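Everything on this sheet refers to the single structure shown next.
The shown structure was predicted, so the numbers you read here are calculated from the model rather than taken from an experiment. All values below come from the heavy atoms of this structure, side chains included, with hydrogens, waters and symmetry mates left out.
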Protein chains: 2
Amino acid sequence: MKTLDVSEYLDLESRSLDALAPRQRILKTASELFYRNSIHTVGIDRIIAESGVAKMTFYKHFPSKANLAATYLRHKSALWFDMLATATEQAGPAPLDRVLAIFDALNASFQAPTFRGCPFVRGLAEFGPDAETPEVQATLAAYFHDLRKFVASLVQPLKLKNQESVVVQILALIQGSLVNAQAMRGGVEPLATRDAAKVLLEAAVQRG
Amino acid sequence: MKTLDVSEYLDLESRSLDALAPRQRILKTASELFYRNSIHTVGIDRIIAESGVAKMTFYKHFPSKANLAATYLRHKSALWFDMLATATEQAGPAPLDRVLAIFDALNASFQAPTFRGCPFVRGLAEFGPDAETPEVQATLAAYFHDLRKFVASLVQPLKLKNQESVVVQILALIQGSLVNAQAMRGGVEPLATRDAAKVLLEAAVQRG
DNA sequence: CGAGATATATACAGACCTGTATGTATCTTG
DNA sequence: CAAGATACATACAGGTCTGTATATATCTCG
């Protein structure tokens, strides 16, 4: 997992727009618009208008829209991994609890009225393999790589024989619960995927 | 599950382009372009050019691009449910086998070099709640509703106490394995989610 | 054959897109 | 205070987008 400078991203959420420097104001506005709608349906002009910034200022800070999109994704990734680290650490030392804390964190984020699914799955949908935006695609690939590494680091202490399979199962439950929450807002048993992860982990532990 | 006329969609895949009537030719071309890339990044002009059809002919058959997008999604839905029905029926009468057949079908489709993830998850990513395309959004909602009903109909014979939770778990594994396959092409244990479904179903049966 | 439907070719309107050019104001800092 | 960096406002170039208009050709079928 590459280290990432989160200083740029962390307090973007709490501060109000006009208390931020132009670059942060652009990033905050773009982040909300990109996530609420989609990247392709939000134009530079709208981001500039809503962030109250001049066009030249925008292009001084972000050389292209693709670079802004990649920065937005890195921003979301930093926030998400920060939340994951906090949640798993607070869950105590037991590996099982730490993995299950992921699903508690997910369920909490589903409650937000602004929840719109996983930014990275949605990014994959918009920027497929044929898209000519290498920075965006590299950012997406890095996220999925890092998430897998993170889950593996939580599962690793269990010393399971088939660790790779269990990691893939947990990842599937994570992504699947995100899709479920996005596709059927509320009409879904919130604890179901958490319970599933518990059953799978306990079964894997028993098998050794 | 609403009945759907699949006659328009079924043999679209096998026949060559110039053996099809204009409407089918447009739909086949659009389907491939939309799925390989995305809906927003493929323009009407490109679909017209590659399907070898005049612009007026296109707008005679499809009143708008949104209508074509919805038709594309219905096309994908019909193919997918048709494949699911075949796979589950061929799996025999045992409910467990029938559910697991879903994952065998999924793993088979992951092998195709044209695989690009779930068209409906990707559709959600492009057409969020704020998009002004009611036909597309209704088609997406119908798909997720139908998939849930389908899984429920497979689980129902098991007469489980917590059937709703098990259905949600299976759905999460389905969507999660689709995301995994799209995000980490090949670098994933193919049988992991199938095994997970088996463990979860057996545990649920034991609990009654 | 002949008429109506269907498909074709091409041009165009109007809106939106990303990115640049030009010039002015404000803010920081030595 | 003065100078350089930073941000502002506005206009514009060149491209793409969806959808329409106009006129011609081909195909079906009574």
Side-chain angles (χ1 to χ4, degrees), chain A residues 8 15-31 33-34 36-73 123 126-128 130-137, chain B residues 8 15-31 33-34 36-73 123 126-128 130-137:
Chain A
E8 178 178 15
R15 296 198 193 165
S16 79
L17 251 197
D18 49 346
L20 292 169
R23 184 175 214 275
Q24 315 283 1
R25 237 177 341 170
I26 295 166
L27 183 52
K28 180 179 167 77
T29 305
S31 186
L33 287 174
F34 283 164
R36 192 187 314 265
N37 303 275
S38 80
I39 296 176
H40 285 319
T41 55
V42 175
I44 293 290
D45 286 347
R46 185 171 173 198
I47 294 168
I48 286 164
E50 296 199 15
S51 60
V53 141
K55 201 160 195 174
M56 282 310 291
T57 306
F58 172 85
Y59 278 102
K60 175 159 284 181
H61 288 290
F62 299 95
S64 67
K65 182 185 178 180
N67 177 265
L68 175 65
T71 307
Y72 149 70
L73 290 169
E126 289 198 78
F127 297 86
D130 292 11
E132 287 159 6
T133 49
E135 190 183 0
V136 171
Q137 281 144 318
Chain B
E8 177 180 12
R15 298 199 193 167
S16 79
L17 252 196
D18 48 346
L20 292 169
R23 183 175 214 278
Q24 317 281 359
R25 238 179 340 173
I26 296 166
L27 183 53
K28 180 180 169 76
T29 305
S31 186
L33 287 174
F34 283 163
R36 191 186 317 264
N37 303 276
S38 79
I39 295 176
H40 285 319
T41 55
V42 175
I44 293 290
D45 285 349
R46 185 169 173 202
I47 294 168
I48 286 166
E50 296 199 16
S51 61
V53 141
K55 202 161 197 175
M56 283 309 291
T57 306
F58 171 86
Y59 278 102
K60 173 159 285 179
H61 288 292
F62 299 95
S64 68
K65 183 185 178 180
N67 177 264
L68 175 66
T71 307
Y72 149 71
L73 289 169
E126 290 200 78
F127 298 87
D130 293 11
E132 287 159 5
T133 49
E135 189 183 0
V136 172
Q137 281 144 318

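Taking 3.5 Å as the limit, the base of C:dG19 and the side chain of A:Lys65 contain no donor-acceptor pair of atoms between them.
Ranking C:dT8, D:dT18, C:dA7 by closeness to the B:Val53 side chain, first place goes to C:dT8. The listed nucleotides are D:dA7, D:dA11, C:dT8; the one nearest the side chain of A:Lys55 is D:dA11. Ranking C:dT20, C:dA9, D:dC8 by closeness to the A:Tyr59 side chain, first place goes to C:dT20.
Checking side-chain atoms of B:Glu126 against main-chain N and O of B:His40 turns up a donor-acceptor pair under 3.5 Å.
Put simply, NZ on A:Lys60 is 13 Å from P on C:dT20, counting in whole angstrom units. Across the protein-nucleic acid pair, B:Met56 atom CE and D:dA21 atom P stand 8 Å apart, rounded to whole Å. Rounded to whole Å, the distance from CD1 on B:Ile44 to C1' on D:dG15 is 18 Å. Atom P of nucleotide D:dT6 and atom CZ of A:Phe58 are separated by 18 Å, given to the nearest angstrom. Nucleotide D:dC17 holds its C1' atom 16 Å from the CG atom of B:Asn37, rounded to whole Å. When the P atom of C:dA11 is taken as reference, atom CG of B:Asp45 falls 14 Å away, rounded to whole Å. Atom-to-atom, CD1 of B:Ile48 to P of C:dA7 comes out at 14 Å; the value is rounded to the nearest Å. Look at NE2 on B:His40: it is 12 Å from C1' on D:dC17, rounded to the nearest Å.
The aromatic rings of B:Tyr72 and B:Phe34 sit perpendicular to each other, their planes meeting at more than 60°, with 30° as the lower class boundary.
Side-chain N/O atoms of A:His61 include one lying less than 4.0 angstrom from OP1 or OP2 on D:dA7. The shortest distance between the side-chain N/O atoms of A:Arg25 and the OP1/OP2 oxygens of D:dC8 is below 4.0 Å.
Smallest separation of non-hydrogen atoms from B:His61 and B:Pro22: NE2-CB, 4.3 Å. For the residue pair B:Val42 and B:Lys65, the shortest heavy atom distance occurs at O-NZ, 2.9 Å.
In this structure B:Phe58 satisfies the ring pair (Phe, Tyr, Trp, His ring centres under 6.0 Å) test together with B:Phe62, sequence neighbours excluded.
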